[in-house]
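Report on the following structure.
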Amino acid sequence: MAAYVPGLGTKLDSEFADGTVKRAFYTAAGAQKFDGSSSAIVWLGYDAPQSLDVMTTSDAERGAPAYNSFMDGISATNMNHDAHVTAIGHSYGSRLVGAATQEAGGIPGADDVILVGSPGVGVDRAEELGVGKNHVWVGAAENDIVTKLPSKNEALAGTAGFFGGGPGGAYIAGEVADQGDDDIWFGKDPASKAFGANRFQTLPGPELIQPSFPQIWNSSLDIEAHSNYFNPEEGKDKVSAQNIAAIVAGHSEYVIRETPR
């Protein structure tokens with residue numbers, strides 16, 4: 001059983017029904033190919049950030065106790081004595097899952113934690129998430145800009161550089177702020193070697209900038225790589241979807257791994 005926490009902009013609207021719920025459906029359907037008793041659910045028991053509040057931890061910290069209460073209920077009512085339970089956080093939802101692991105006792109019943117499209121989870125090492133680092137799994141697509149956000153120190157250094165030393169100063173200041181190049185907005189990059197989690201393979205997704213020729217100034221931004229992790233359909237990310245399904249089903253031996261950053 002998996003409980004998936006979505007992120008920025010999630011609310012009870014048509015997109016939730018047509019898009020977010022489908023992610024849980026894809027996960028359950030994929031996991032059932034490994035274990036017929038598998039299931040998945042979307043958990044939206046918190047006020048997901050809708051705007052600039054996504055840059056703060058407030059919504060995640062407030063939602064963490066409610067998520068753990070839900071997971072406690074799942075554990076208490078599950079009739080399977082050896083149930084396999086997975087906590088999944090996508091995007092800002094991964095920050096909530098990270099916060100939930102830091103509550104007293106951690107996430108009730110969780111065997112594995114999956115983090116996809118994560119801007120950081122609030123801890124520096126996978127072993128701090130309460131399930132053992134070998135049970136922490138990370139998906140970070142090459143073209144997912146959210147997984148490459150600058151750290152807060154880098155952002156501050158960059159601002160100072162632009163105002164005090166130009167772009168060159170910003171670059172140098174950023175290098176000093178993050179010498180290992182493994183910090184992002186909410187802490188250590190979960191896909192980094194320093195974090196110590198299992199990184200699983202994903203497809204790269206569309207490039208961030210989609211050029212329009214010959215009118216190059218009409219080029220557009222494409223952030224679809226951030227949304228494809230659960231979707232096995234053609235043109236999406238069947239590799240990531242299958243890896244997530246295998247973990248949820250408790251068959252991590254089928255996971256295709258990728259080298260950490």
Side-chain angles (χ1 to χ4, degrees), residues 2 4 7 23 26-27 30-31 34 86-95 97-98 101 110-151 153-154 171 174-175 177-209 222-232 235-261:
Y4 145 57
R23 293 173 183 169
Y26 289 137
T27 298
F34 296 98
T86 304
I88 305 177
H90 173 237
S91 193
Y92 187 86
S94 69
R95 182 63 184 83
V97 168
T101 68
D111 297 292
D112 287 280
V113 170
I114 299 176
L115 312 167
V116 288
S118 178
V121 296
V123 300
D124 289 335
R125 296 183 301 277
E127 61 200 53
E128 297 177 61
L129 296 180
V131 294
K133 68 177 183 179
N134 291 332
H135 291 276
V136 179
W137 304 87
V138 178
E142 178 61 30
N143 293 322
D144 182 354
I145 188 64
V146 174
T147 70
K148 297 181 178 181
L149 292 173
S151 68
N153 285 339
E154 285 178 300
Y171 176 79
E175 287 295 297
D178 181 13
Q179 295 183 27
D181 197 28
D182 50 23
D183 292 323
I184 50 178
W185 190 254
F186 288 124
K188 198 66 66 182
D189 176 6
S192 70
K193 183 177 180 181
F195 191 79
N198 300 292
R199 185 182 181 191
F200 58 82
Q201 193 174 105
T202 67
L203 295 182
E207 292 186 2
L208 180 63
I209 298 177
D222 188 335
I223 60 171
E224 190 176 353
H226 184 60
S227 304
N228 286 345
Y229 294 102
F230 302 89
N231 195 330
K236 301 300 182 179
D237 197 342
K238 60 183 179 181
V239 175
S240 174
Q242 180 169 306
N243 285 329
I244 291 171
I247 298 164
V248 168
H251 285 282
S252 59
E253 67 271 21
Y254 294 108
V255 174
I256 303 171
R257 299 172 186 251
E258 187 166 349
T259 303
R261 291 174 176 163

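Because only heavy atoms are used, hydrogens play no part in the values below, and waters and symmetry mates are left out as well, while side chains stay in.
In the model, Asn198 has a side-chain atom that pairs as donor or acceptor with a side-chain atom of Arg257 under 3.5 Å. Under 3.5 Å, the side chains of Tyr229 and Asp144 contain a donor-acceptor pair of N or O atoms.
Judged by distance alone, the side chain of Asn243 and the main-chain N or O of Ile256 form a donor-acceptor pair under 3.5 Å. Side chain of Ser192 to backbone of Phe195: a donor-acceptor contact under 3.5 angstrom is found. A distance-only check finds a donor-acceptor pair linking the side chain of Asn143 to the backbone of Gly205 [under 3.5 Å]. A donor-acceptor pair under 3.5 Å is absent between the side-chain atoms of Asp189 and the main chain of Asp182, judged by distance alone. With Arg199 contributing its side chain and Thr259 its backbone, the two residues share a donor-acceptor pair below 3.5 Å.
Within the 4.5 Å cutoff, no side-chain heavy atoms of Asp111 are placed close to those of Thr86. Put simply, the side chain of Gln242 does not reach to within 4.5 Å of the side chain of Pro232, judged on heavy atoms. Taking 4.5 Å as the limit, every side-chain heavy atom of Trp185 sits out of range of all side-chain heavy atoms of Ser151. A 4.5 Å side-chain heavy-atom check between Leu208 and Ile223 finds at least one atom pair inside the cut-off.
In this structure, Lys148 places its NZ atom where more than 12 heavy-atom neighbours from other residues, nucleotides or ligands lie under 6.0 Å away.
Nearest heavy atom pair, residue Ala197 against residue Val138, reads CB-CG2, 3.7 Å. Closest approach of Ala249 and Ala31 over heavy atoms only: CB-O, 3.6 Å. The minimum heavy-atom distance between Val131 and Ala110, with the atom names listed, is CG1-O, 3.5 Å. Between Gly139 and Thr202, the shortest heavy-atom contact is CA-CG2, 4.0 Å. Here the closest non-hydrogen pair linking Leu203 and Ala141 is O-CB, 3.5 Å.
With rounding to the nearest 0.5 angstrom, the CZ atom of Arg261 is 7.5 Å from the CD1 atom of Ile184. If you take CZ on Phe230 and OG on Ser240, they are separated by 7.5 Å, rounding to the nearest 0.5 Å. The CG atom of Asp237 sits 6.0 Å away from atom CG of Asn228, with the distance rounded to the nearest 0.5 Å. The CD atom of Glu258 sits 8.0 Å away from atom CD of Glu142, with the distance rounded to the nearest 0.5 Å.
Relative orientation of the His90 and Tyr4 rings is tilted, given thresholds of 30° and 60° on the angle between their planes. Note: Phe34 and Tyr254 have tilted aromatic rings, judged against thresholds of 30 and 60 degrees for the angle between ring planes.
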I'd like a table of donor-acceptor pairs (distance under 3.5 Å, sequence neighbours excluded) in which one partner is a side-chain atom from residues 112-125, with atom names and distances.
residue: Asp112; atom: OD1; partner: His135; partner atom: ND1; Å: 3.0
residue: Asp112; atom: OD1; partner: Trp137; partner atom: NE1; Å: 3.0
residue: Asp112; atom: OD2; partner: His84; partner atom: NE2; Å: 2.6
residue: Ser118; atom: OG; partner: Ser94; partner atom: OG; Å: 2.8
residue: Ser118; atom: OG; partner: Gly120; partner atom: N; Å: 3.0

- Item | CA sep, side-chain torsions, deciding dist, call: Lys133, Glu128, salt bridge (Lys or Arg N to Asp or Glu O under 4.0 Å) | CA-CA 8 Å; Lys133 68 177 183 179; Glu128 297 177 61; over 6 Å; no
- Which is it for Ile247 and Phe200 under the side-chain contact (heavy atoms from CB on, under 4.5 Å) test, yes or no, and what are the steps along the way? CA-CA 10 Å; Ile247 298 164; Phe200 58 82; 4.1 Å; yes
